[in-house]
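For ligands, and for the atoms within them, numbers begin at 1 and follow the listed sequence. It should be emphasised that the depicted structure is a prediction, and the values quoted were computed from it without experimental measurement. Numbering starts at 1 and runs along the sequence shown.
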Amino acid sequence: MYPRVILKGTLIKKSQQKKRTSPCNYKERFFVLDTQDLKYSERRPGKKPTLKGCIELSRIKCVEIVCSDVPIPCNYKYPFQVFHDNHYLYMFAPDNDCRQRWVRALKEETKYNNLVAKYHLNFWMDGRWRCCNQTEKLAPGCQEYVPLGYASKKPLPQTPDEKMDAYDGGQRMAIALQDYTPQDHSDLPLWKDQVYVLIDSSNSDWWTIQDDSGNTGFVPSMYVTEKFGTNFERFEWYNKNITRGRAEDLLMTEGKEGAFMVRDSRQAGVYTVSVFTKAPGSNGEKNPRVKHYQIRQNETEESTFYLAEKYLFSTIPELIHYHQHNAAGLITRLRHPVSQDRGCCQDLTQPSQANQWEVDPQELSLGQVLGTGQFGLVLEGRWRERKVAVKMIKEEGMSEEEFKEEARNMMRLSHCKLVQLYGVCTQRSPTCLVFEFMESGCLSEHLRARRGRLSQDIMLGMCLDVSEGMAYLESSNFIHRDLAARNCLVSHNNEVKVSDFGMTRFVLDDQYTSSLGSKFPIKWSAPEVIKYSKFSSKSDAWSFGVLMWEVYSEGRLPYEHRSNAEVVESLNAGLRLLKPRLTPETVHPLMEWCWKEKADDRPSFAVLLHQLASISDL
Ligand code: ADP
């Protein structure tokens with residue numbers, strides 16, 4: 001019987017240093033876990049994968065996450081370990097969910113092995129275990145190993161108490177995003193757009209739901225989304241019993257532009273958004289203050305909420321999520337959720353160190369010009385022993401204060417398919433942004449320069465790379481807003497990375513930011529962006545469809561001979577870009593899916609990545 005594949009994907013692997021003298025390095029590898037082995041291979045666009053290693057599952061003695069206190073020197077920041085034979089394999093996942101998936105699956109497949117009783121929870125480094133200071137690499141572990149501390153692939157049935165917790169005080173509902181055919185008796189079928197009772201979503205891969213007839217079963221979490229009612233207690237921005245005065249005190253104390261919360265209004269069943277700002281008001285007031293906006297409900301359609309009339313949402317969490325990314329009628333974007341129990345929530349929004357993004361001008365040297373961009377010249381440079389690209393910001397070109405606020409968040413976005421922002425140098429003029437250097441320049445030029453010489457593998461590899469970077473941005477709740485081949489860059493080994501994410505928010509040129517402006521990227525923009533500036537990961541998905549079109553037409557300009565106005569007209573008439581000659585039959589439906597009129601009907605990047613990876617495995 002052939003082994004069955006359980007999980008596959010790209011991870012970074014640290015060299016196992018089986019000999020004392022073997023080098024320490026970090027390499028990207030494509031891992032495949034099947035029912036017999038854990039295999040890893042090197043994948044390069046246009047080349048056949050080469051198998052680099054294979055570990056029989058029966059030899060594995062421990063699988064666990066690594067709790068590390070040291071900075072991780074590669075792009076994937078979530079380490080875990082596999083102890084097999086007498087070797088430690090350290091792997092790094094791009095995010096915690098991905099790490100949990102691998103650890104869970106590996107634990108499940110090795111649970112009947114001869115396992116260790118104790119393990120090391122930190123790294124072996126510089127000749128010692130960082131957790132217990134033992135200096136023998138094979139010294140017994142210091143922490144009890146729990147073989148199935150995580151749920152098995154599908155979670156075990158819950159105890160009644162746990163069930164009550166999962167209900168969270170009220171009934172939770174889920175909507176199917178697409179049909180699902182059960183794979184075994186414990187699954188439940190899904191019908192797109194049908195609503196189910198959500199029983200348990202604590203497992204990141206498999207949710208438990210109940211259908212109309214009372215049947216309960218598992219479904220892949222990727223196929224469903226939670227439908228929110230008015231049970232917001234789980235959201236960090238919601239403060240249940242708080243007065244207007246106390247809300248103002250908390251937000252004023254926080255004192256950060258865009259600090260906000262949602263609270264109950266005095267009027268029953270109505271909610272208010274309170275937000276702190278220092279921005280000058282329409283009647284000239286300049287003092288830092290808190291503004292209150294009531295969340296209104298459309299009279300005719302019961303489930304339509306809005307803060308600013310033009311932007312309507314079917315749930316309050318969706319409305320808040322949207323205004324976290326778009327001011328759209330508010331005095332400022334909702335930036336920092338504040339909770340009376342926890343203060344300002346730390347996660348993505350807080351720097352761990354002040355000014356950690358500041359690049360010391362002494363450490364930065366500048367070289368030749370690479371090109372000109374929206375913000376000004378881009379130069380080659382050197383910073384801390386590495387080649388970098390430096391964007392010089394021309395005066396009046398960028399809203400610098402806003403950018404500095406965001407730079408820390410952007411620097412935390414770290415993925416091998418994103419062009420890394422290393423830091424910002426504000427101490428000399430002009431201000432400059434320091435990025436990872438990409439030898440082969442921008443993707444659109446790269447495509448044009450190689451017309452007629454691009455193989456199907458290479459083109460699919462490009463789409464796959466971009467979808468991977470975008471799936472990471474999507475999972476970080478970050479919207480690109482200007483995804484196009486011109487905003488992707490190519491590395492020395494032909495890897496494509498997504499660049500310039502979120503940067504349009506800081507452009508001060510109206511011609512570029514207004515959908516009526518001559519520089520606005522209409523040809524890459526979703527209809528709701530053109531009409532209402534409504535950006536989301538689903539509007540990024542539309543742009544991704546156009547990017548795939550650019551790849552398969554070898555860098556041609558979309559709607560080459562048509563004006564923006566003509567493009568808008570043909571989109572309104574339901575017309576779409578035609579299939580480029582080189583597009584495989586398997587890829588074209590994905591482009592069309594990205595160009596669905598309604599944002600909700602478009603695929604997420606997680607789904608796009610999955611689909612493209614399946615095509616590349618064919
Ligand atoms: P902007 O986003 O400010 O409009 P671009 O990103 O388009 O600027 O940069 C202009 C040019 O500079 C690109 O076409 C590319 O040739 C070069 N460039 C930009 N970033 C990098 C980088 N990280 N590595 C190498 N070259 C780069």
What protein heavy atom sits nearest [atom], and how far off is it?
{"atom": "atom 5 (P) of ligand 1", "answer": "Lys391 NZ, 3.8 Å"}
{"atom": "atom 8 (O) of ligand 1", "answer": "Gly373 CA, 3.2 Å"}
{"atom": "atom 23 (N) of ligand 1", "answer": "Glu436 O, 2.8 Å"}
{"atom": "atom 13 (C) of ligand 1", "answer": "Cys442 CB, 4.6 Å"}
{"atom": "atom 11 (C) of ligand 1", "answer": "Gly371 CA, 4.0 Å"}

Original post:
Any cation-pi pair here, Arg29 with Tyr40, using under 6.0 Å and within 45°?
Top reply: no
Original post:
Does NZ or CZ of Arg481 come closer than 6.0 Å to the centre of the six-membered ring of Phe535, within 45° of the ring's axis?
Top reply: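 Pair Arg481/Phe535 counts as cation-pi.
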Near [X], which atoms of ligand 1 are under 4.0 Å from a heavy atom of that residue?
{"X": "Asp500", "answer": "2 (O), 6 (O)"}
{"X": "Ala389", "answer": "21 (C), 22 (C), 23 (N), 24 (N)"}
{"X": "Phe375", "answer": "3 (O)"}
{"X": "Thr372", "answer": "10 (C)"}

Original post:
Of the backbone atoms (N, CA, C, O) and the side-chain heavy atoms from C-beta on, which set of Met503 has a member under 4.0 Å from an atom of ligand 1: side chain, backbone, both, or neither?
Top reply: neither
**OP:** Return yes when at least one protein heavy atom is under 4.0 Å from atom 25 (C) of ligand 1, and no when none is.
**Re:** yes
Original post:
Which heavy atom of Pro361 sits nearest a heavy atom of Arg428, and at what distance?
Top reply: O-NH1, 3.8 Å
Original post:
Between the main-chain N or O of Val529 and the side-chain N or O of Ser525, is there a donor-acceptor pair closer than 3.5 Å?
Top reply: no
Subject >> Name of the residue among Tyr76, Tyr26, Tyr78, Phe80 meeting ring-ring contact (aromatic ring centres under 6.0 Å, His included) with Phe92 >> reply: Tyr26
Original post:
Say you draw a straight line from CG of Leu547 to SG of Cys463; how long is it, rounded to the nearest 0.5 Å?
Top reply: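 These two atoms lie 6.5 Å from each other.
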Subject >> Atom pair NZ/CG of Lys39 and Leu51 - distance to nearest 0.5 Å >> reply: 7.5 Å
Original post:
Between Gln374 and ligand 1, does any nitrogen or oxygen pair lie at a separation below 3.5 Å?
Top reply: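 There is such a contact, yes.
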Original post:
Any idea which of Leu489, Leu379, Val378, Asn487 brings a heavy atom closest to atom 15 (C) of ligand 1?
Top reply: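 Among Leu489, Leu379, Val378, Asn487, the closest heavy atom to atom 15 (C) of ligand 1 comes from Leu489.
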**OP:** Just go through Leu370, Thr504, Val390 and tell me whose heavy atom is the nearest to atom 27 (C) of ligand 1.
**Re:** Leu370
Subject >> Contact check, side chains of Val275 and Leu330, non-hydrogen atoms, under 4.5 Å >> reply: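 Val275 vs Leu330: side chains apart.
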Original post:
Heavy-atom count around Arg581 CZ within 6.0 Å, excluding the residue itself: above 12?
Top reply: no
